[in-house]
Chemist: 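Attaching a single structure in structure tokens format; questions to follow.
Reckoned from all heavy atoms, side chains included, excluding hydrogens, waters and symmetry mates. Computed from a prediction, not measured in an experiment: that's the story for all the values here. In what follows, chains are A, B, ... by sequence order, proteins preceding strands, each numbered from 1.
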Amino acid sequence: MSRIKDNALSLTFLVLFLLSLAGQALAGMLHYNEQQLVEGGEAVSFLTYVTSSSFAVDVAENWQSEYLQFLLFIMLTIWMVQRGSPESKEPGREGAESDEEQRIGPYAEADSPAWARVKGWRLRLYSNSLGLAMGTVFLLSWLAQSVAGQAAYNSERLADLRDPIGWSAYVTSPEFWDRSLQNWQSELLAVLSMVVLSIYLRQRGSPESKPVGAPHSATDVSG
Amino acid sequence: MRLSFAVALATVLVAGCSVDTAGPVRAAERFHAALAAQRPDAACALLAKRTADKLPHPGQNCAEALRDLDLGAGGGLTEVRVWGDEAQVRLAGDTLFLHHYRDGWRVKAAGCRPVRDLPYDCEVES
């Protein structure tokens with residue numbers, strides 16, 4: 001019971017993610033089948049839909065933008081600050097910071113992760129592992145979007161009596177960039193809102209907010 | 001156990017990604033073979049339902065409409081492209097578009113000529 005409580009945030013998001021994905025699959029299949037019937041095709045089964053390029057591109061385009069958002073947030077907050085935001089470091093602390101501040105190498109503590117206590121490639125890799133993980137998932141999702149997107153787009157083009165196009169033509173097409181940029185703009189607006197609104201607004205008890213009584217000028221404080 | 005799962009996954013992926021080009025080619029060739037053999041009824045049976053319904057003018061049936069169109073010879077296969085349930089089959093004398101239904105591939109459009117930046121202009125289409 002205590003393990004569930006200790007991991008309640010992750011578990012809740014996992015359940016919400018799976019429910020949303022299942023809901024997207026169901027709603028997506030119903031929408032896809034509506035279109036199929038309008039265009040003279042036949043309705044497809046749930047299994048056929050969730051293994052289709054149409055479903056894959058819709059999932060991948062959202063994944064890539066979310067991981068891009070976190071990649072940018074993680075990387076830009078190393079070098080850029082926003083005075084007053086709990087999402088930012090204090091002005092003056094821009095950069096990768098010293099080994100002592102990062103508690104690595106000789107400054108590592110007894111309970112520091114093993115690769116924080118060593119030198120060389122393992123320390124470099126571990127020191128950038130969060131950004132690398134987000135960046136890798138972003139690139140793989142974007143690649144998956146391009147491959148599934150090309151398949152779905154070519155199926156539409158053939159249905160419209162048009163020639164299919166190759167992958168390189170697809171990734172420079174308005175369709176690919178429309179899908180990508182419509183997701184990017186919303187993610188970037190959400191981060192901007194979080195960074196700026198958290199300067200002036202509060203959510204009592206949330207570590208994503210400053211304490212209710214903290215001054216607007218206080219940076220790098222969570223409540 | 002882990003290896004057998006990987007093999008099974010790879011098999012599913014390869015099978016899922018393999019493309020059936022023989023089906024649409026066979027349907028396109030049979031369509032033109034029926035026309036060449038003066039059997040427009042058999043050619044009509046290979047059309048998608050919506051295409052077959054839309055083809056005749058008032059007072060005509062599908063076979064009469066196909067005979068009047070006189071599509072010409074299909075010729076040998078030059079290219080086939082399949083994406084999902086849609087296919088394009090290029091023969092030496094014609095380009096056809098097909099859709100995969102539960103009972104097989106059916107011709108959606110035939111007698112098609114390319115139009116720059118626009119859909120093909122087809123003699124037979126839905």
Chemist: Measure distances from B:Ala109 to the heavy atoms of chain A and classify the residue's part below 4.5 Å as side chain, backbone, both or neither.
Modeler: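 When you check distances to chain A, only side chain atoms of B:Ala109 fall under 4.5 Å.
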Chemist: Check each atom of A:Asn154 against the heavy atoms of chain B and say whether the ones under 4.5 Å are side chain, backbone, both or neither.
Modeler: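 Both backbone and side chain of A:Asn154 come within 4.5 Å of chain B.
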Chemist: Would one find more than 12 heavy atoms of other residues, nucleotides or ligands at under 6.0 Å from atom CZ of A:Arg93?
Modeler: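 Buried by this count: over 12 neighbours within 6.0 Å.
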Chemist: Which pair of heavy atoms, one from A:Ser155 and one from B:Gly84, lies closest together, and at what distance?
Modeler: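 Here A:Ser155 and B:Gly84 meet closest at OG-CA, 4.5 Å.
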Chemist: Which heavy-atom pair separates B:Asp117 from A:Arg162 by the least distance, and what is that distance?
Modeler: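 Heavy atoms of B:Asp117 and A:Arg162 come nearest at O-NH2, 4.5 Å.
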Chemist: Would you give the length of the straight line joining atom CD of B:Gln88 to atom CZ of A:Arg157, rounded to the nearest 0.5 angstrom?
Modeler: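 It is 10.0 Å, given to the nearest 0.5 Å.
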Chemist: Around atom OH of A:Tyr153, are there more than 12 heavy atoms from other residues, nucleotides or ligands closer than 6.0 Å?
Modeler: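 Counting other residues, nucleotides and ligands, OH of A:Tyr153 exceeds 12 neighbours.
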Chemist: So for B:Arg81, is it side chain, backbone, both, or neither that comes closer than 4.5 Å to the heavy atoms of chain A?
Modeler: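 The answer is both parts of B:Arg81.
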Chemist: Under a 4.5 Å heavy-atom cut-off, does chain A meet the side chain of B:Tyr120, its backbone, both or neither?
Modeler: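 For B:Tyr120, backbone and side chain are both near chain A.
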Chemist: Testing the basics here: between A:Leu161 and B:Cys122, what is the closest heavy-atom pair and its distance to 0.1 Å?
Modeler: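 Where A:Leu161 meets B:Cys122 most closely, the heavy atoms are CD1-SG, 3.9 Å.
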Chemist: CH2 of B:Trp83 to CD of A:Gln150: how many Å apart, nearest 0.5 Å?
Modeler: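 CD of A:Gln150 is found 4.0 Å from CH2 of B:Trp83.
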Chemist: With a 4.5 angstrom heavy-atom cut-off, could you sort out which part of B:Arg102 is near chain A: side chain, backbone, both or neither?
Modeler: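 Backbone plus side chain of B:Arg102, per the 4.5 Å heavy-atom cut-off to chain A.
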Chemist: Assess whether atom CZ of A:Arg117 is packed by more than 12 heavy atoms of other residues, nucleotides or ligands within 6.0 Å.
Modeler: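 Count over threshold, so yes.
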Chemist: Assess the residue pair A:Asp163 and B:Arg90 against the criterion (side chain to side chain contact (heavy atoms under 4.5 Å, CB included)); give the C-alpha distance rounded to whole Å, side-chain angles, the decisive distance to 0.1 Å, and a yes or no.
Modeler: CA-CA 11 Å; A:Asp163 285 326; B:Arg90 289 179 190 274; 3.0 Å; yes
Chemist: Would you say CZ of B:Arg26 has more than 12 non-hydrogen atoms from neighbouring residues, nucleotides or ligands within 6.0 angstrom?
Modeler: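 No, the 6.0 Å shell around CZ holds no more than 12 heavy atoms from other groups.
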Chemist: At what distance, to the nearest 0.5 angstrom, does CD of A:Glu42 lie from CG of B:Asp85?
Modeler: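 It is 8.5 Å, given to the nearest 0.5 Å.
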Chemist: Does atom CZ of A:Phe73 have more than 12 heavy-atom neighbours, drawn from other residues, nucleotides or ligands, at distances under 6.0 Å?
Modeler: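 Yes, enclosed.
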Chemist: Just wondering, are more than 12 heavy atoms of other shown residues or ligands nearer than 6.0 Å to CH2 in A:Trp63?
Modeler: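 Open.
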Chemist: Are more than 12 heavy atoms from other residues, nucleotides or ligands located less than 6.0 Å from atom OH of A:Tyr170?
Modeler: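 Count over threshold, so yes.
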Chemist: Under 4.5 Å heavy-atom distance to chain B, tell me which part of A:Glu39 shows up: side chain, backbone, both or neither.
Modeler: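 Just its backbone gets close to chain B.
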